[in-house]
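Have a look at the structure below, then the notes.
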Amino acid sequence: MSEEKIMGFEEILGNEMVKDHFKKAIQNHKISHAYILTGEAGMGRKSIANAFAMTLLCEKGGSEPCMMCHSCKQVMSGNHPDLIYVTHEKPGSIGVDDVREQINDTIMIRPYSSYYKIYIVDEAEKMTVQAQNALLKTIEEPPHYAIIFLLTTNAAGFLPTILSRCVTLELKPISADIIRKELMEHHNMPDYQADVCAQFAQGNLGKAIKLASSEEFNEMKSHMTSLMRRMEKMDVFGISQAVKELEEYKPKIGDYLDLMNIWFRDVLLYKATGDERKITFQDEKMIIKRQASECSYHGLNTIIQAENTARRRIACNGNYNLAVELMLLSIKENIA
């Protein structure tokens with residue numbers, strides 16, 4: 001059973017083209033027997049697959065689930081006999097036995113109460129080659145009532161023969177404005193916090209919602225903004241102390257650097273436009289405006305390059321402390 005709240009298409013934010021594809025397929029009675037939904041975790045793959053499944057199983061037969069009939073209620077409670085969530089015991093892979101026992105051995109059993117019988121395979125990129133080959137035989141000659149959903153973060157990991165027999169739909173990032181509105185209206189987040197989460201999530205609503213309640217993320221953001229406030233007056237000893245502080249964030253340094261990128265994007269945007277409404281870190285706008293007035297375009301470009309260089313060095317298992325120190329020295333030199 002999926003842990004996500006089951007919703008209709010209208011409740012799902014973004015990805016209008018993908019939702020329209022499914023609605024038109026229902027309206028035109030052109031349902032494929034196999035779909036691949038690909039996109040980052042948190043972008044709504046399961047939500048859309050569930051909405052499509054619930055619509056197909058709905059007793060009203062429309063292009064949106066009624067949410068009221070017995071079938072819709074069964075889907076929402078996770079108890080519909082014709083909607084099967086394929087599970088796997090091994091965390092790292094979906095094996096051939098998982099596919100055979102949960103799909104191949106049951107797919108010829110006709111639906112219990114609906115016209116369709118729907119299988120949803122989450123984390124489908126974890127299927128072994130043997131599992132994919134076992135599934136391929138079923139996809140090649142499925143019974144007319146069967147629909148198989150493969151949800152994945154990496155469709156390139158599938159065999160070409162699987163790809164050629166499925167309709168592949170890619171989920172796209174949602175606009176920051178839509179995410180910001182959702183966080184403020186349905187997650188009780190103040191606007192200045194919603195701005196940061198929306199920008200940081202880069203179009204991923206699920207990620208933004210998790211950030212909204214993450215103490216770890218809020219603490220990281222607080223540390224980063226504190227560091228940026230201190231940078232202008234920081235001496236060599238202060239830089240050394242900051243390097244030691246950032247050792248704590250080594251496992252999440254990519255996220256930390258992403259926050260820094262948003263900060264300097266704010267500085268650059270304000271310098272270019274003079275519009276403080278474009279600043280993401282609204283609660284820090286006074287310091288951002290001052291840095292924008294004191295830092296040249298060349299200096300900002302140097303800072304951004306230094307951040308990217310630090311990211312590459314760390315990713316290549318270079319000296320972490322040295323990479324961070326060189327980045328902070330570059331920021332210090334160009335920010336004042």
Side-chain angles (χ1 to χ4, degrees), residues 1-12 18-19 21-37 44-91 93-127 131-132 134-152 162 165-167 169:
M1 161 59 188
S2 171
E3 296 179 358
E4 290 194 358
K5 175 189 174 185
I6 309 296
M7 301 179 286
F9 288 121
E10 293 302 319
E11 294 180 87
I12 299 171
V18 174
K19 293 188 294 185
H21 174 94
F22 284 126
K23 287 196 247 184
K24 288 177 181 176
I26 295 169
Q27 291 167 356
N28 298 327
H29 304 288
K30 292 184 177 180
I31 311 296
S32 175
H33 60 272
Y35 291 93
I36 294 172
L37 270 183
R45 293 166 299 140
K46 285 188 281 187
S47 294
I48 291 176
N50 282 328
F52 187 50
M54 183 160 57
T55 306
L56 290 175
L57 299 172
C58 178
E59 294 166 15
K60 301 296 183 182
S63 58
E64 276 277 348
C66 74
M67 315 292 285
M68 297 297 293
C69 70
H70 179 65
S71 178
C72 283
K73 289 179 179 178
Q74 282 184 309
V75 172
M76 288 188 284
S77 66
N79 295 309
H80 200 293
D82 298 322
L83 177 56
I84 300 97
Y85 296 93
V86 176
T87 61
H88 52 100
E89 292 184 2
K90 294 182 180 179
S93 68
I94 300 174
V96 63
D97 289 340
D98 295 318
V99 170
R100 285 174 177 164
E101 292 172 8
Q102 296 180 62
I103 302 178
N104 294 2
D105 292 351
T106 65
I107 202 164
M108 297 310 295
I109 301 172
R110 296 183 66 84
Y112 288 97
S113 60
S114 308
Y115 181 80
Y116 294 103
K117 187 172 188 176
I118 303 168
Y119 293 83
I120 295 180
V121 186
D122 196 12
E123 300 180 310
E125 70 277 0
K126 294 182 178 180
M127 284 192 297
Q132 290 186 53
L135 181 62
L136 180 62
K137 296 176 181 178
T138 297
I139 291 179
E140 286 176 334
E141 298 180 4
H144 66 87
Y145 50 77
I147 299 172
I148 297 173
F149 263 101
L150 303 179
L151 312 184
T152 182
I162 292 281
R165 287 163 173 79
C166 297
V167 173
L169 298 168

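For reference, positions follow the sequence shown, starting with 1.
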Provide the closest heavy-atom pair for [X] versus [Y] in the form atom of the first, atom of the second, distance.
| X | Y | result |
| --- | --- | --- |
| Cys72 | Met67 | SG-N, 3.4 Å |
| His88 | Lys126 | CE1-CD, 4.2 Å |
| Phe22 | Ile48 | CE1-CG2, 3.6 Å |
| Gln102 | Tyr119 | O-CE2, 3.2 Å |
| Gly62 | Ile26 | O-CG2, 3.6 Å |
| Gln27 | Ser63 | NE2-OG, 3.4 Å |

Worked verdict on Tyr85 versus His80 for ring pair (Phe, Tyr, Trp, His ring centres under 6.0 Å)
CA-CA 10 Å; Tyr85 296 93; His80 200 293; over 10 Å; no
Counting only N and O atoms by type, is there a donor-acceptor contact under 3.5 Å from the side chain of [X] to the main-chain atoms of [Y]?
| X | Y | value |
| --- | --- | --- |
| Tyr116 | His144 | no |
| Glu59 | Ser71 | yes |
| Lys19 | Ile12 | yes |

Could you measure the distance from the [atom1] atom of [X] to the [atom2] atom of [Y]? Nearest 0.5 Å is fine.
| X | Y | atom1 | atom2 | result |
| --- | --- | --- | --- | --- |
| Thr106 | Glu101 | OG1 | CD | 10.5 Å |
| His33 | Thr138 | NE2 | OG1 | 10.5 Å |
| Leu83 | Ser114 | CG | OG | 9.5 Å |
| Arg165 | Ser32 | CZ | OG | 12.0 Å |
| Leu135 | Ile94 | CG | CD1 | 10.0 Å |
| Ile118 | Leu56 | CD1 | CG | 4.5 Å |

Candidate pair Lys117 and Arg110, rule side-chain contact (heavy atoms from CB on, under 4.5 Å), full reasoning:
CA-CA 7 Å; Lys117 187 172 188 176; Arg110 296 183 66 84; over 6 Å; no
Can Cys58 and Cys69 be said to form a side-chain contact (heavy atoms from CB on, under 4.5 Å), step by step?
CA-CA 7 Å; Cys58 178; Cys69 70; 3.9 Å; yes
Does Asp98 have any side chain to side chain donor-acceptor pair (under 3.5 Å) partners at least two apart in sequence or in another chain, and if so, which?
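Testing Asp98 for side chain to side chain donor-acceptor pair (under 3.5 Å), a comparison that skips the adjacent residues, returns none.
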Side-chain heavy atoms of [X] within contact of [Y], under 4.5 Å:
| X | Y | answer |
| --- | --- | --- |
| Met127 | Ile162 | no |
| Ser113 | Pro81 | yes |
| Lys46 | Ile120 | no |
| Lys137 | Asn104 | no |

Val121 pairs by side chain to side chain contact (heavy atoms under 4.5 Å, CB included) with which of Leu151, Ile103, Val99, Ile84?
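That would be Ile103.
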Taking it one step at a time, do Leu57 and Gln74 satisfy side-chain contact (heavy atoms from CB on, under 4.5 Å)?
CA-CA 10 Å; Leu57 299 172; Gln74 282 184 309; over 6 Å; no
For the pair Met54 and Phe9, evaluate side-chain contact (heavy atoms from CB on, under 4.5 Å) and give the outcome as yes or no after the intermediate values.
CA-CA 10 Å; Met54 183 160 57; Phe9 288 121; over 6 Å; no
Parallel under 30°, tilted from 30 to 60°, perpendicular over 60°: which one fits the rings of Phe52 and Phe149?
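Perpendicular.
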